[in-house]
Amino acid sequence: MPELPEVEVSRLGISPHLQGQQLTKVVARQRQLRWWVPDEVLQQQQQPILAVRRRAKYLLLDLPGGSIILHLGMSGHLKVVPADLAPGKHDHLDLLFANGTALRLNDTRRFGAVLWQAQGEQHPLLAQLGPEPLTADFTAETLIQACQRRGSAIKLVLMDNHVVVGVGNIYANEALFKAGINPQQPARDVSADKLALLCTIVKETLTAAIVQGGTTLRDFSQVDGKPGYFKQELLVYGRGGQPCVNCDTALSEVRLGQRSTVFCPLCQPLLQKN
DNA sequence: CTAGCAACCTGAACGC
DNA sequence: TGCGTTCAGGTTGCTA
């Protein structure tokens, strides 16, 4: 499910339900996720939720003694449910609250994670992350610098979490299309002007998706159960072989970094280095 | 350092 | 109807 917009939509969805709530207990039915759920998470009880934050695609639930880190992987989603609602298949973890509700994590493929970060420390997974795309930390200059010496495809650089976080496969495809950049173009051969445009478009595209409530894909629904509807806006992702919205040319589909990559051969020409 | 890719896991879709 | 193959939104951590 989640690219950054979906994670942010989840954060916005659960935050009002968790803010100021008292966490009474953590129940794990399946601790083997991407990593084994650490004891510290299960030991949390009688702690107030101070804040619900997001860093890259990680959600952080701040408690007085540290933070519970949630990652949704490919198939994870969160719901706020009555605590006594019977858990279904792949409902791996519940955070129980004093008001009788529970935050329930469901993750079919178990690529997600539940981790612990002690107060005042930084989890190693968060330490290496690049700038947030929607803040002033991510600029044309940082993108241009990251691309300078990289011979790998611009799409792979854009999806590199050291360069900028939160740009997953869908939005990498979409942003490159809107910027008129061929995904296979070596990063160092993309002009500074194009990279500046790409930076702006990444911000606009992610922001628009958040506003519209996240992309609906096969296993995503918003926290309150209403589906998002951004999928209708996708211009290239999932449209290989179909006509380009600009020029009617059949969209090409290739694999880059083992991920499906769709582009218009006419609107996103592969340029020869001069 | 970069680059390529196997791995983690389940289920849906498709071809025969 | 069943079986085998391929693919899926992410990310780490090998190997060269």
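Throughout, protein chains are lettered first and strands after them, A, B, ... in sequence-line order, and every chain is numbered starting at 1. Any value given below was found using the heavy atoms of this structure, including those in side chains, with hydrogens, waters and symmetry copies removed.
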When the distance from [atom1] of [X] to [atom2] of [N] is rounded to whole Å, what number comes out?
X        : N      : atom1 : atom2 : value
A/Arg55  : C/dT11 : CZ    : P     : 12 Å
A/Asn106 : B/dC9  : CG    : P     : 17 Å
A/Glu233 : C/dG9  : CD    : P     : 20 Å
A/Leu156 : C/dG10 : CG    : C1'   : 14 Å
A/Asp91  : B/dT10 : CG    : P     : 15 Å
A/Leu78  : C/dG9  : CG    : P     : 20 Å
A/Glu253 : C/dT6  : CD    : P     : 16 Å
A/His162 : B/dA3  : NE2   : P     : 12 Å

Check the phosphate of [N] against [X], side-chain N and O only, distance under 4.0 Å to OP1 or OP2. Yes or no?
X        : N      : answer
A/Arg259 : C/dG9  : yes
A/His90  : B/dC9  : no
A/Tyr58  : C/dT11 : no
A/Lys89  : B/dG11 : yes
A/Ser260 : C/dA8  : yes
A/Ser152 : B/dA3  : yes
A/His71  : C/dT11 : yes

Confirm from the modelled atom types if [X] and [N] form a donor-acceptor pair under 3.5 Å, side chain to base only.
X        : N      : result
A/Arg110 : B/dC9  : no
A/Arg34  : C/dT11 : yes
A/Arg109 : C/dA8  : yes

Exercise. Hey, are A/Lys155 and A/Asn182 close enough side-chain-wise for a donor-acceptor pair under 3.5 Å?
Worked result: no
Using the [atom1] atom as the point on both nucleotides, what is the distance between [M] and [N], in whole Å?
N     : M     : atom1 : value
B/dC9 : C/dC3 : P     : 23 Å
B/dC5 : C/dC7 : P     : 15 Å
B/dA7 : C/dT5 : P     : 16 Å
B/dA6 : C/dT6 : P     : 13 Å

Return the nearest nucleotide to the side chain of [X]; candidates are [options].
X        : options               : result
A/Gln258 : B/dA7, C/dG10, C/dG9  : B/dA7
A/Arg255 : B/dA6, C/dC7, B/dT10  : C/dC7
A/Phe111 : B/dC8, B/dG11, C/dT11 : B/dC8

For this session: Verify, without hydrogens or angle tests, whether A/Ser191 (side chain) and A/Asp189 (backbone) share a donor-acceptor contact under 3.5 angstrom.
Result: no
For this session: Please determine, for C/dG13, whether a Watson-Crick or G-U wobble partner exists with both distances under 3.5 Å, and give it or none.
Result: B/dC5
Problem set entry | Heavy-atom side-chain proximity of A/Ile181 to A/Leu197 below 4.5 angstrom | no
Exercise. Which part of the nucleic acid, if any, lies within contact of A/Leu125, taking any heavy atom under 4.0 Å across all strands shown: a base, the sugar-phosphate backbone alone, or nothing?
Worked result: sugar-phosphate
For this session: Scan A/Gly151 against the nucleic acid and name what it touches under 4.0 Å (heavy atoms): base, sugar-phosphate only, or nothing.
Result: sugar-phosphate
Is any side-chain N of the basic residue among [X] and [Y] closer than 4.0 Å to the acidic one's carboxylate O?
X        : Y        : result
A/Glu132 : A/Arg54  : yes
A/Arg53  : A/Asp62  : yes
A/Asp91  : A/Lys79  : no
A/Asp160 : A/Arg150 : yes

